[in-house]
Amino acid sequence: SSLPGVDIHTLTSHDGQLDFEEFVHYLQDHEKDLKLVFKSLDRKIAGQVSADDIVNSLRDLGVHISLQQAERVLQSMDKNGTMTVDWNEWKKSPTLQPAENIPEIILYWKHSTIFDVGENMMVPDEFTSEEHMTGMWWRHLAAGGGAGAVSRTFTAPLDRLKVLMQVHGSHGNSMCIMSGLAQMVKEGGMRSLWRGNGVNVVKIAPESALKFMAYEQIKRLMGSNQETLGISERFVAGSLAGVIAQSTIYPMEVLKTRLALRKTGQYKGISDCAKQILKGEGMTAFYKGYVPNMLGIIPYAGIDLAVYETLKNTWLQRYGTENGHPGVFVLLACGTVSSTCGQLASYPLALVRTRMQAQAMVEGASQVSMTGLFKQIMKTEGPTGLYRGLTPNFLKVIPAVSISYVVYEHIKMTLGVQSR
């Protein structure tokens, strides 16, 4: 066929015939092979495509359009009125915008919906207008939420260990993974390994929904009418959306930390914990560590996006023309590397945030500010002190990513999202 990458089965409408509108939509959705399409359309290799070329190429595919329809396609792209279109016009054509971020690629490179490493700081995924219209976006989000819940539950013991090491780890008290897990089991039995997981799972839904809605609104405010944003715009919109979502659900973050650190019998459950904090420490306790948390979003989102996009583009340049879709392994590897880099960058802020969340307002206990804590940790423990709990944190990345991917795919199939 002379239109590489066009799967006619996906194109034919209910009557088994492909109509012109569907073809135009298809072209808009699938620009990935544009350059190849262009080369094959242009038999004469003159670097230009005329209406006849379009008609003939489509006829080879069993799609019959009239010369008038082909001319309509051309006119919409033809910048210099010659009734032929050269590569630059084709590339810049408004029907086939933008060449850099392509809806077709989006479908495969879904990132934040698949990856749940326990920290929800990624920039939300883009959805094509087609996915918006058909309601596929909420199915993706629901699948992502379910996947997050399962993967967080599976990796909860490591997450709780990380929190304990961040708060109680010091020179004198060096916990290793096995001894830490053993201590937890000894103190509260096997169930204690999952302390704090309930809130961690409950907050997925409101956070993802808020973040997604905020992201869409910010995109609109930025006046972007394109389906996909450039990297810098995505970073700004994504970070802002993250700040909005996190600000709303932040008290749940504090509850998660307090519940993870609790001793046996200290709280009856989530609501009891909230009541006790409110009674003993007041409303402000629910926003402890808010500043380092918000500051952490910026390096995390920025580095995660930049690394992911770089890896993605490298892959596309190297292998993108041969086969348009990366395998599962490529997707998971890119996601794991990028989120690991993001976590490394924002980890000291996350550690300080957790310590601030843990400061109980006991009479006589000093309340240390963010900068004070940084200085204190640097003075007493040196730079390594800022990375306590990093080992269990990274140990959970690969299982978390793998589990969330598998569950995501299963839920997607159940909800009827076709994997293209």
Side-chain angles (χ1 to χ4, degrees), residues 116-121 145-169 173 175 177-208 245-246 248-281 285-290 292-293 296 343 346-347 349-361 388-397 399-400 403-404:
D116 192 299
V117 285
E119 296 280 338
N120 197 344
M121 292 191 182
V150 176
S151 84
R152 285 183 189 194
T153 303
F154 267 94
T155 55
L158 286 168
D159 195 63
R160 180 169 183 229
L161 182 60
K162 175 189 83 175
V163 173
L164 287 170
M165 286 167 90
Q166 285 179 335
V167 176
H168 299 306
N173 174 17
M175 285 163 111
I177 303 247
M178 292 323 288
S179 73
L181 292 169
Q183 266 176 343
M184 289 196 280
V185 174
K186 198 172 124 196
E187 196 270 328
M190 284 303 280
R191 277 192 62 186
S192 71
L193 294 175
W194 275 267
R195 278 182 194 165
N197 183 52
V199 182
N200 205 20
V201 168
V202 168
K203 72 180 169 74
I204 295 175
E207 185 170 14
S208 309
Q246 288 262 319
T248 317
I249 62 118
Y250 192 76
M252 294 171 97
E253 296 277 354
V254 176
L255 282 174
K256 181 212 143 187
T257 301
R258 291 292 180 91
L259 285 163
L261 292 166
R262 78 179 186 265
K263 304 248 181 322
T264 307
Q266 192 177 350
Y267 303 121
K268 290 192 193 76
I270 299 176
S271 55
D272 182 49
C273 175
K275 277 186 207 134
Q276 285 195 34
I277 296 175
L278 199 58
K279 205 168 97 188
E281 307 172 40
F286 287 111
Y287 277 88
K288 278 190 181 162
Y290 177 79
N293 187 61
Q343 281 187 326
S346 63
Y347 196 83
L349 284 160
L351 180 131
V352 167
R353 171 201 73 191
T354 310
R355 288 229 176 154
M356 289 174 77
Q357 289 172 343
Q359 287 173 354
M361 282 181 133
R388 295 222 174 268
L390 197 62
T391 322
N393 188 48
F394 282 160
L395 275 180
K396 71 173 191 178
V397 169
I403 294 166
S404 59

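Sequence positions, counted from 1, serve as the residue numbers for this chain.
Residues passing the ring pair (Phe, Tyr, Trp, His ring centres under 6.0 Å) test with Phe394: none are found, sequence neighbours excluded. With sequence neighbours left out, Thr264 forms a side-chain hydrogen bond (donor to acceptor under 3.5 Å, both in side chains) with Glu187, Arg195. Residues forming a salt bridge (Lys or Arg N to Asp or Glu O under 4.0 Å) with Arg353 (at least two apart in sequence, or on another chain): Glu119. Taking Thr155 as the reference, Lys396, Pro399, Ala400 meet the side-chain contact (heavy atoms from CB on, under 4.5 Å) condition, with sequence neighbours excluded. Listed by chain and residue number, Trp194, Asn197, Val201 satisfy the side-chain contact (heavy atoms from CB on, under 4.5 Å) test with Thr153 (two or more places apart in sequence, or in another chain). Residues passing the ring pair (Phe, Tyr, Trp, His ring centres under 6.0 Å) test with Tyr250, sequence neighbours excluded: Tyr287, Tyr290. Residues passing the side-chain hydrogen bond (donor to acceptor under 3.5 Å, both in side chains) test with Ser151: none are found, sequence neighbours excluded. Listed by chain and number, the residues in a side-chain contact (heavy atoms from CB on, under 4.5 Å) with Ile270 are Val199, Leu255, Leu259 (sequence neighbours excluded). Under the rule for a side-chain hydrogen bond (donor to acceptor under 3.5 Å, both in side chains), Gln266 has no partner lying at least two apart in sequence or in another chain. Applying the side-chain contact (heavy atoms from CB on, under 4.5 Å) criterion to Met190, with sequence neighbours excluded, gives Val185, Leu193. Residues satisfying the side-chain hydrogen bond (donor to acceptor under 3.5 Å, both in side chains) test with Ser346, not counting sequence neighbours, are none.
The distance from atom CG of Leu158 to atom CE of Met165, rounded to the nearest 0.5 Å, is 10.5 Å. A distance of 6.5 Å separates CG in Asp272 from NZ in Lys275, rounded to the nearest 0.5 Å.
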Check the pair Leu278 / Glu281 against side-chain contact (heavy atoms from CB on, under 4.5 Å), numbers first and verdict last. CA-CA 6 Å; Leu278 199 58; Glu281 307 172 40; over 6 Å; no
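Put simply, the side chain of Arg160 gets close to the backbone of Ser192: a donor and an acceptor are under 3.5 Å apart. Side-chain atoms of Arg258 do not come within 3.5 Å of backbone N or O of Cys273 as any donor-acceptor pair. Formation of a donor-acceptor pair under 3.5 Å by the Tyr267 side chain with backbone atoms of Gln276 is not found in this model. Side-chain atoms of Arg355 come within 3.5 Å of backbone atoms of Gln166 as a donor-acceptor pair (strictly under, hydrogens ignored).
Closest heavy-atom contact between Phe154 and Ile403: CB-CD1, 3.6 Å. When every heavy atom of Ile204 is checked against every heavy atom of Gly148, the shortest pair comes out as CD1-C, 3.5 Å. The minimum heavy-atom distance linking Ala358 with Leu261 is given by the pair CB-CD1, 3.5 Å. The two residues Ala260 and Val163 make their nearest non-hydrogen contact at CB-CG1, 4.3 Å.
The closest side-chain heavy-atom distance from Pro157 to Leu181 is below 4.5 Å.
With Asn293 as the fixed residue, the side chain to side chain donor-acceptor pair (under 3.5 Å) test singles out one of Lys288, Gln357, Gln246: Gln246.
Classification of Asp159 and Lys162 as a salt-bridged pair holds, one side-chain N sitting under 4.0 Å from a carboxylate O.
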